[in-house]
Amino acid sequence: MPRFSIIVPSHGVAGRLSQALDSVLVQSFGDFELIPVCDTPDSPAADVTAEYAARDPRVMPVHSPPSAGLAGARNAGLRAAAGAYLLFLDGDDLLVPGALAELDDRLTRTGDVDVLHFAYERAPWWEGEPGNPAAHLLAGAPDEAFAPIETPELTGVRLPAWSAAYRRTYLAAHGLVFPDGHFTDVGFGGLAGLHAGRIAVLRSVVVRHRARRQGNRLNLPGDHHTDLLGQADLVLTRATELGLCVQRYTPLFEQLFAAVLKTAAHPRRLPSGRRAHFRTASRLYRLHRPAGYRAPGGSLGVQHRLLAAGAYTAFQVLRGANRAVTGAVRRVPRPRMPRTRLLYRRHLRRPLDENLAVYCAYWGRGYACNPAAIHAKARELAPHIRSVFLVEADRAHTVPDDVEHAVIGSRRYWEVLARAKYLVNNANFAEGVVKRPGSVHLQTQHGTPLKTMGVDQSTYPVVAAATGSFAKLLGRVDRWDYNLSSNRHSTQVWERAFPGSYEHLEYGYPRNDVYCTATADDVARVRRDLGVPEGKTAVLYAPTHRDHHTGFAAGPDLEAFCEAAGEDVVVLLRAHYFYDRGGTRGGGRIIDVTAHGSSEDVCLAADALVTDYSSIMFDYANLDRPIVVYADDWEVYRETRGVCFDLMDSPPGPVVRTPEELARVFRDGSYAGRESARLRAAFRARFCEFDDGRAAERVVRRVLLGEPPEALPPVRPLAERVPAPAATTPVRS
């Protein structure tokens with residue numbers, strides 16, 4: 001029997017789940033079992049936990065349906081647990097180093113106790129000093145194990161479930177499980193405290209609770225706040241049945257109704273039914289109030305008396321007066337909109353145009369990427385929606401003639417931005433753009449992340465300096481209603497890098513649809529347009545941007561590469577979109593396609609890809625054509641830019657580090673050999689998960705037409721997809 005069973009519910013935290021699991025597995029004390037609880041066997045969290053279970057036999061995932069909620073997930077873990085003591089760790093929190101060793105030592109010194117309460121650190125999600133909310137609750141407890149009557153204030157209802165270790169046989173003997181509904185920690189903590197015979201405390205921090213940017217979900221508005229009344233009723237009814245002495249019952253009653261009054265004092269938490277909620281709370285207060293109970297003094301005592309009397313109107317007046325005083329103190333002048341946006345402000349007063357959609361790609365660089373693919377599909381499936389593409393003035397001439405557009409900064413630009421129901425972008429709209437009630441913002445992204453993104457960049461000084469204000473970035477994230485993902489890896493990274501309340505759409509990238517729909521004739525046409533000589537093997541060289549460089553770094557000598565690789569090889573050079581040109585005039589066997597408007601066309605034309613760390617490799621993998629990674633500065637890039645995973649451990653094809661190695665793999669054909677195909681197959685399975693040729697259709701039906709997820713075309717399995725054919729067949733080694 002292991003010393004500890006550590007139960008980790010993982011709903012909605014797949015992006016940070018690996019960090020939580022790592023914090024357990026690296027503990028110096030190893031006598032434990034780790035039980036992650038996933039929604040379904042095919043959920044993003046299940047993918048993460050399966051990898052851990054394959055590496056470490058102490059990891060034993062179980063499943064609990066989403067409908068069972070947090071209580072159901074914890075109870076599923078409880079049923080599977082075999083340890084002497086149970087710990088509950090949220091999937092985005094951490095065990096501090098040495099925590100299990102300290103818990104074991106404390107339990108060895110106290111002997112068997114039913115509940116061991118311990119301190120936890122509440123870490124702000126971004127900036128600020130961490131706090132220790134449990135410190136004052138544990139401060140007055142005896143140093144040795146004690147009976148609950150010795151510290152009646154330590155009821156358990158004010159501490160989260162993950163701030164205690166529970167003896168498993170004790171919970172089983174009393175049938176203690178997490179009660180259904182929200183605020184389940186209140187119910188479980190209260191019940192566990194009622195039945196406990198011996199308790200101990202550990203004042204050291206064991207868990208680092210990482211606050212979410214959105215705050216505690218329980219504090220959000222909603223009918224779930226009525227569940228708090230049910231939890232209070234459950235605990236106090238059990239206390240009465242057990243004949244709890246008044247010395248213990250009174251603080252339990254006060255703590256539970258302090259939480260009830262806190263909810264009642266914030267009417268925004270209950271969008272409707274506030275009067276009925278107050279009446280129910282009043283009835284429970286009178287039902288469970290201890291005989292001879294005297295309410296506390298001050299404003300809190302007034303609230304107690306009004307609740308006991310059921311005086312809802314008077315209670316609201318009292319709270320309204322308090323809020324008015326607080327608001328007067330905190331009120332500050334509202335910033336004014338710059339004069340250049342007065343027109344925008346005027347249009348914001350007009351109604352939303354329910355049939356207007358605005359698109360933008362790469363900060364206005366043209367008609368491209370996912371927004372362009374969604375725009376094209378919307379004209380087919382939702383022709384009643386007028387679509388306007390936003391572009392910079394010097395790019396307006398690149399927009400197709402049949403695509404309506406507006407120049408960024410123009411009067412039409414501000415008008416359509418103010419009135420559009422739908423706003424679609426693969427980057428972000430300008431800082432001053434307002435998220436209007438009823439509008440729908442879709443963030444399409446523009447690549448699968450290898451490098452760090454969003455707030456994950458904050459620890460990399462070179463990148464952070466170029467990124468600017470992370471607070472402003474997150475203000476833009478708050479406008480998103482939907483965020484598009486092409487694989488579960490991306491979903492997890494976006495969740496961590498761009499914390500927000502948006503909905504993930506795991507539909508694939510619309511720009512990649514063409515890789516499953518294009519024909520051999522389409523490939524031939526694109527090659528002619530780009531000037532690729534017939535019969536030649538076209539190698540696309542597409543390096544990424546270097547944050548530590550001031551301009552385009554050309555990489556290997558491409559002319560020399562062509563000479564060494566073979567007479568049939570030509571290179572399509574495509575620099576990162578941050579640069580207007582690839583830094584070469586082309587000519588000979590080098591064709592500079594940096595300025596070509598469609599990266600999808602360029603990929604279709606190429607028979608093979610050479611890149612370093614560009615996200616183009618994830619898109620190109622959909623074509624199931626050879627990929628070579630030219631990693632001459634991987635260590636520098638990893639340290640200066642930061643990465644989400646180790647590309648060297650799971651590349652899409654051969655990895656080379658010198659120009660000589662690069663030429664050799666093409667000369668001997670190993671760039672397209674069996675090992676290359678094996679690596680590419682594993683890479684495609686991981687990163688081409690949802691790109692099946694119908695991503696744009698799913699997006700349009702879900703976002704623009706409002707169809708439910710179950711009505712959308714399902715993702716076609718990878719084995720059933722037929723990528724666009726390459727123009728030439730490589731000689732395989």
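Scope of the values below: all heavy atoms of this structure, side chains included, with no hydrogens, waters or symmetry mates. This structure is a prediction, so every number in the text was calculated from the model and none was measured.
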Heavy-atom side-chain proximity of Leu390 to Phe429 below 4.5 angstrom: yes
Pairs flagged by side chain to side chain donor-acceptor pair (under 3.5 Å) wherever residues 7-18 is involved - sequence neighbours left out: His11-Asp39
Tyr502-Trp494 aromatic ring centre distance below 6.0 Å: no
Exercise: identify the closest heavy-atom pair between Gly77 and Ile7: C-CD1, 3.4 Å
Between Phe178 and Phe88, ring centroids under 6.0 Å: yes
Test ring-ring contact (aromatic ring centres under 6.0 Å, His included) applied to His405 and Tyr367, step by step: CA-CA 9 Å; His405 68 274; Tyr367 186 76; over 10 Å; no
With Leu352 via side chain to side chain contact (heavy atoms under 4.5 Å, CB included) - residues at least two apart: Glu354, Arg436, Ser439
No-hydrogen, no-angle side-chain donor-acceptor test under 3.5 Å, Asp93 and His209: yes
Exercise: do His277 and Arg274 side chains pair donor with acceptor under 3.5 Å: no
Salt bridge (Lys or Arg N to Asp or Glu O under 4.0 Å) evaluation trace for Arg74 with Asp185: CA-CA 11 Å; Arg74 286 174 170 167; Asp185 285 32; 2.4 Å; yes
Test item: side-chain donor near acceptor, Thr448 and Asn487, under 3.5 Å: yes
Any donor-acceptor N or O pair under 3.5 Å, side chains Arg210, Gln19: yes
Under the ring pair (Phe, Tyr, Trp, His ring centres under 6.0 Å) test, residues paired with His225 that sit two or more places apart: Phe183
Rounded distance [0.5 Å steps], CD in Gln445 versus CH2 in Trp480: 5.0 Å
cation_pi(Arg686, Phe645) dist<6.0 Å, angle<=45: yes
